[in-house]
Amino acid sequence: MRSASAAFALAWRAGPAVVAAYVTVSVVAGLLPTAAALLVSSLLDRLTAPGGGPLTPVALLLVAVTLGTSLTTPAAEFLRSESTRALRVRVQDEMLSGVNRLPGMRHFEDPAFQDRLRLAQQAAGNAPDLLVGSVVSGLQAAVLLAGFLVTVFVINPVLGAVTLLLAVPALRTQLAAGRRRAEVLRDTMGNSRREMFYGSLLSDTDTLKEIRLFNLQRYFTDRAAAELRTVVRAERGTDLRSLRERVPDLLLGAAVFAAGLLWAVRAAGRGELTVGDLSVFVTATAGIQRGVAQLAATAATAYQAALTFTFFRTLRDVPPDLVLAPEPRPVPDLAGRIELRDVWFRYTPESPWILRGVDLSLVAGEVTALVGVNGTGKSTLVKLLCRLYDPTRGRILWDGTDLRDVDPADLRERLAAVFQDYGRYDLTAGENIGIGRVADIGREDLVAGAAEAAGVHPRLSRLGQGYATLLSRIFASAGSAGAAVGELLSGGEWQRVAVARAFMRRDADLMILDEPSSGLDAAAEQEIHDSLRTLRAGATVLVISHRLSTVRDADRIVVLGDGRITESGTHDELMARDGTYARLFRLQSAGYAPAGAITGVEVAAGPPSAVTPVPSGGDAPGGAGTPRGTDDGAGAVVDSRQPPAAAGATTP
Ligand SMILES: Nc1ncnc2c1ncn2[C@@H]1O[C@H](COP(=O)(O)OP(=O)(O)OP(=O)(O)O)[C@@H](O)[C@H]1O
Ligand SMILES: [Mg+2]
């Protein structure tokens with residue numbers, strides 16, 4: 001009931017005039033059949049009884065009613081579509097703002113939440129419309145029923161009462177059927193999501209290569225089919241049950257109709273009923289049968305839609321995934337340092353600790369490099385700095401202000417980051433960079449400047465339509481009649497675009513680069529580091545890299561191991577200390593040394609252009625995080641792509 005009124009309120013807010021017109025037209029449409037039946041009856045009586053009165057006015061009225069019936073149907077259809085359109089706009093807005101309301105990531109990594117989200121999306125798509133539609137057509141059916149019932153009551157009260165009573169069980173079984181359908185939808189949502197997931201793998205350009213290579217088509221098709229079978233089986237089960245339960249209701253209804261018909265015919269034969277009475281009685285009892293069936297069916301639909309609609313409403317009731325301060329404190333310009341104090345973190349209460357007491361300071365104006373083997377929690381730490389999660393224990397202080405006390409959106413305005421798993425958007429090249437600061441997305445000079453600093457400007461300028469080229473193979477450019485299809489970039493070029501996106505915020509208080517170079521050639525990485533320095537002298541930077549030669553210039557290098565900071569200092573200090581960093585550094589530099597000349601430290605200090613593929617080193621830097629082999633000679637390739645004339649140009 002609450003759902004129905006909520007849905008109605010939503011429809012009303014979306015378009016009050018349309019909803020009012022829709023209800024009015026539907027109620028009128030519900031009254032017309034009774035009026036027609038009564039007019040026919042009167043007409044018959046006037047025809048059969050001598051001197052029964054003039055015929056033409058009644059006939060004209062009947063014509064008017066018939067015309068009204070023909071007109072109300074399309075009018076009601078149009079008004080329903082119109083209210084659906086208004087609702088769609090409204091619901092989409094509420095749906096998206098419901099999702100955007102959550103400031104963190106945690107809910108989105110919870111399968112139960114994903115199920116709910118999916119249900120909410122589905123519900124948002126059709127439940128309000130179904131609900132409003134069925135409430136209105138229920139209303140119409142009720143009006144129709146009432147009209148016929150009154151008519152039958154007048155002719156034979158007993159029959160009227162019996163017909164009314166019969167409506168109750170029919171309504172009950174239909175409501176139960178509606179509820180079961182909604183429950184099936186909820187219980188099989190996981191299956192439906194998996195079915196969709198397996199299906200989408202078969203056409204997703206990200207997975208298609210491997211699907212083809214490993215011949216996985218059958219494998220995933222079968223899995224999708226198995227999930228669908230589960231859903232179909234559950235649906236069939238409830239539908240069969242509902243069918244079984246409806247049969248007695250239908251039989252009973254038919255029996256009452258037959259009894260009433262027999263009685264009426266005999267009564268007419270005895271002269272107790274006129275021909276007109278007989279005709280209206282037959283029409284009315286048949287109409288009641290239809291009305292009850294319609295009412296029960298719409299009630300079932302409405303009930304199911306109402307239950308589905310609660311999924312949509314609960315999305316709005318989900319508590320935020322971060323505890324937000326009621327009166328957030330402002331985030332000032334970073335003047336001193338960002339401090340992590342005894343930070344502990346795990347993703348869920350059941351999962352293992354990732355960070356176990358991290359103490360770390362990022363000093364304003366300094367470049368801090370964070371290194372450590374795969375899976376030690378470096379990217380996790382980045383996510384905590386962006387307040388995508390709060391530490392499970394301990395605090396992160398921004399010039400003394402706990403991040404928990406500030407608005408995450410304010411904080412993020414002050415950050416720029418290249419995540420390890422950055423996004424590749426099916427947008428234009430310019431937009432892919434401009435969204436780094438959406439307020440400046442139209443500023444071609446800023447976008448090109450950011451691209452220049454990330455070393456990708458010459459490449460983007462050479463695209464078919466320059467920065468306006470769509471970086472996509474799945475969308476055609478809007479407005480282009482197939483002339484300008486999208487283009488694609490290489491992995492390293494995409495990575496530079498991601499860096500350029502972060503560079504849109506050159507004034508950020510903290511610049512975070514998580515493996516910005518895993519797909520870049522060494523020269524490119526060095527270039528980006530140099531750009532960073534010239535882009536904003538005195539920027540505060542946190543850089544994570546497995547390629548230690550590029551972080552050796554950092555003001556401070558910290559090693560994360562076992563959930564804690566295990567070493568901290570400059571390159572020279574850490575080498576002298578001869579700990580993990582020194583070991584990793586030597587291991588890596590061994591790969592750069594000529595065969596048989598592995599001497600250690602100084603070898604790696606060589607120019608980046610001396611890069612050759614790093615030998616496999618398990619957990620060693622340059623291990624899984626760095627696609628080996630892409631480095632080989634890539635520097636030369638990228639450099640040679642920049643025509644001397646274009647190099648250094650800043651306009652797109
Ligand atoms: N969203 C998540 N939910 C649950 N566990 C996660 C999540 N993200 C990462 N983890 C776990 O946290 C651990 C640390 O991951 P993280 O990505 O922080 O490591 P990393 O140091 O950045 O590694 P790499 O060098 O490979 O990038 C991993 O063992 C991973 O399984
Ligand atoms: Mg990482």
Side-chain angles (χ1 to χ4, degrees), residues 102-115 117 321-322 340 343-360 362 368-394 396 408 415-423 491 494-495 498-499 502 510-520 525 541-551 554 557-568 580-581 583-585 587-588 614 616-628 630-631:
L102 302 170
M105 302 267 297
R106 206 177 277 285
H107 285 322
F108 296 89
E109 292 169 344
D110 171 12
F113 179 78
Q114 286 289 351
D115 277 352
L117 190 62
D321 43 3
L322 296 174
L340 286 86
V343 168
W344 289 66
F345 183 77
R346 57 182 170 191
Y347 281 95
T348 62
E350 298 78 39
S351 53
W353 288 104
I354 309 292
L355 304 179
R356 310 158 166 268
V358 171
D359 287 300
L360 172 66
L362 305 177
T368 307
L370 182 62
V371 301
V373 297
N374 290 135
T376 41
K378 303 181 295 298
S379 300
T380 302
L381 199 145
V382 167
K383 289 188 262 183
L384 294 184
L385 283 172
C386 300
R387 211 184 163 199
L388 295 170
Y389 305 87
D390 279 329
T392 317
R393 286 189 220 156
I396 302 180
L415 307 177
V418 182
F419 293 111
Q420 194 171 14
D421 49 354
Y422 57 86
W494 266 117
Q495 205 154 21
V499 172
L510 175 65
M511 175 79 74
I512 301 170
L513 305 168
D514 188 358
E515 281 284 322
S517 50
S518 56
L520 293 194
E525 179 166 16
V541 179
L542 175 68
V543 59
I544 297 172
S545 181
H546 287 299
R547 198 174 341 202
L548 300 186
S549 59
T550 58
V551 302
I557 298 166
V558 290
V559 180
L560 187 63
D562 221 10
R564 285 199 185 90
I565 303 297
T566 51
E567 289 170 37
S568 166
T580 310
Y581 177 81
R583 183 176 61 81
L584 294 177
F585 196 87
L587 198 62
Q588 206 170 85
V614 180
S616 172
D619 267 344
T626 311
R628 285 175 296 277
T630 54
D631 287 353

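Numbering of ligands and ligand atoms starts at 1, following listing order. Quick caveat: nothing in here was measured; it's all calculated off a predicted structure.
- In this structure, of D110, I354, N374, the residue bringing a heavy atom nearest to atom 24 (P) of ligand 1 is N374.
- Among the atoms of N374, no N, O or S atom falls under 2.8 Å of the Mg ion (ligand 2).
- On a distance-only criterion, G372 and ligand 1 share no N/O pair closer than 3.5 Å.
- Contacts between H546 and ligand 1, counted as non-hydrogen atom pairs separated by less than 4.0 Å, involve the side chain only.
- Ligand 1 lies less than 4.0 angstrom from a heavy atom belonging to G375.
- Applying the 4.0 Å criterion to heavy atoms of S379 picks out, from ligand 1, the atoms 17 (O), 18 (O), 20 (P), 22 (O), 27 (O).
- H107 and F113 have parallel rings, their planes meeting at less than 30° on a 0 to 90° scale where 60° marks the start of perpendicular.
- T392 contributes a side-chain N or O that, together with a main-chain N or O of R346, makes up a donor-acceptor pair within less than 3.5 Å.
- Contact annotation for K383 and ligand 1: only side-chain heavy atoms (C-beta onward) come within less than 4.0 Å of the ligand.
- Y389 and T380 share no donor-acceptor pair across their side chains, judged by distance under 3.5 Å alone.
- When every heavy atom of Q588 is checked against every heavy atom of H546, the shortest pair comes out as NE2-O, 2.7 Å.
- The number of heavy-atom neighbours closer than 6.0 Å to CG of D562, taken from other residues, nucleotides and ligands shown, is 12 or below.
- Near T376, the atoms of ligand 1 lying under 4.0 angstrom from a non-hydrogen atom of the residue are 19 (O), 21 (O).
- The main-chain N or O of E109 is never found under 3.5 Å from a side-chain atom of Q114 such that the two would form a donor-acceptor pair.
- Formation of a donor-acceptor pair under 3.5 Å by the D321 side chain with backbone atoms of L102 is not found in this model.
- Note that CD1 of I544 is 8.0 Å distant from CD1 of I512, once rounded to the nearest 0.5 Å.
- Under 4.0 angstrom from ligand 1, the non-hydrogen atoms of E109 all belong to its side chain.
- The T380 neighbourhood of ligand 1 comprises atoms 14 (C), 15 (O), 16 (P), 18 (O), with distances under 4.0 Å to a heavy atom of that residue.
- Atom 6 (C) of ligand 1 has its nearest heavy-atom neighbour, among W353, Y347, F108, in Y347.
- At a cut-off of 2.8 Å, Q420 coordinates the Mg ion (ligand 2) through an N, O or S atom.
- If you number the atoms of ligand 1 from 1 as listed, the ones under 4.0 Å from a heavy atom of G377 come out as 14 (C), 16 (P), 18 (O), 19 (O), 20 (P), 21 (O).
- When all heavy atoms of A498 and V418 are compared, the pair lying nearest together is O-CG2, 3.9 Å.
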